[in-house]
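As the structure lists them, so they are numbered: ligands from 1, and atoms in each ligand from 1.
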Amino acid sequence: MKAVFSGATIFKNGRFEQGGEAVAKTTSFDSLFIDSTKYIIFPGFADMHVHFREPGFSYKETIATGSASASHAGYTTVCTMPNLNPTPDSVENVKAQLDLINREANIRVLPFGSITRGELGKELADLEAIAPYVCGYSDDGRGVDDNGLMREAMERARALDKLISAHCEDGTQIKDSPEAEWKQIERDIKLVDDIKCKYHVCHISTKESVALIREAKKSGVNITCETAPHYLTLSQVNVRDEGGFRMNPPLREEADRLALIEGIVDGTIDVIATDHAPHSAEERSKGLKSLNGIVGLETAFPILYTKLVKEGIISLERLVELMAQKPYERLGIEPNGFTVYSLDEEYIINPNEFKTKGRSTPYAGERVLGKCLATVCDGTLVYIDDKIIKR
Ligand code: DOR
């Protein structure tokens, strides 16, 4: 059976063309024909930074709920971070995660392996052995403080032609300070300049990080970076309740937010990733002691479209580049599928309508534009009109 989206505006080769047709396979419906003249079709979004919490923390999120959340928002590809139990630092552990992914995911879920064993920063993971199974290496959640260990990780990642995606947080600096982020980026830029591995910085949040990466790119260092929707649209001035806005890195000052905006406008920042980080309601209800992390998949496009594109800060084409083209390019993989969006539908963000298990978002109650009607992954319909379709 087929689902046919006819008459839509379709994003192709960097621009929008009107009146196109897109087709997907489906076994869940008799053939569907959807007059899509009101809709716009984007390439499937790719998120280089999510936490799907399995194995180890299924009470926060599962591969099934995480990928449902992603497909509900137009993502066809996500990369999961390795702060799991067990840590994907060996073939056995990565395979345990991949078994779950193969059984449960309705989109393409690509695991990052860890850089260090157990993400403990003491010795390197089985980088060569896990290379065929992972999209890159990261110790997300903490920085790799040991310079020698990071150098060796980069050398081995270069030999394997694999990406390192670094959570930069220098443990010798004051926790949550801007320096903790940018000093480790500064160190890594010197290492990457020397070693020439493929290197990407996770969730940058400070103006100094933007400036350092801009300069490094100018001098030809093989560096890319991501920021998240919350660092582009919120700063300390927006924090209403301490618990609900807790994340790592934290929201910064307005000057930082504006520097990040400049970074997405001038190309210093390559990718917008969500850092989708669900926790239980209890873990998020402890005020300043709440665990860090907000959910992000189901708010990313509507928030960015409403607050950046509609406000004239970036074009829709640029947003698609940041959420789809650039992540695929950096991961070195083919774009996957498409998503069908209504840009005119206005609604209020209600976390109870999310497909993720997480409910903690600073955007609850925001009025936004942009709703996902359908998502197609690997040629197959995986989400339509509030229904998640298992593959
Ligand atoms: O806010 C965050 N949550 N930042 C991190 O670095 C880790 C993540 C998580 O795993 O919850």
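- Taking the six-membered ring where tryptophan is involved, the planes of Phe42 and Phe16 are perpendicular, since the angle between them exceeds 60° and thus also 30°.
- Applying the side-chain hydrogen bond (donor to acceptor under 3.5 Å, both in side chains) rule to pairs touching residues 246-265 yields Glu169-Asn248, Ser205-Arg252, Ser235-Glu254, Glu254-Arg257, sequence neighbours excluded.
- Counting only residues at least two apart or on different chains, the side-chain hydrogen bond (donor to acceptor under 3.5 Å, both in side chains) pairs with a member in residues 130-146 are His49-Asp140, His51-Asp140, Thr116-Asp139, Asp140-His167, Asp140-His203, Asp145-Gln184.
- Between Phe33 and Phe5, the gap from one ring centroid to the other reaches at least 6.0 Å.
- Applying the salt bridge (Lys or Arg N to Asp or Glu O under 4.0 Å) test to Glu282 and every residue at least two apart in sequence or in another chain returns Lys286.
- Ligand 1 is surrounded by His51, Arg53, Asn83, Gly141, His167, Met247, Asn248, Asp275, Ala277, His279, Asn292, Gly293, each with at least one heavy atom closer than 4.0 Å.
- In this model, no donor atom of one side chain and acceptor atom of the other lie less than 3.5 Å apart for Thr87 and Glu119.
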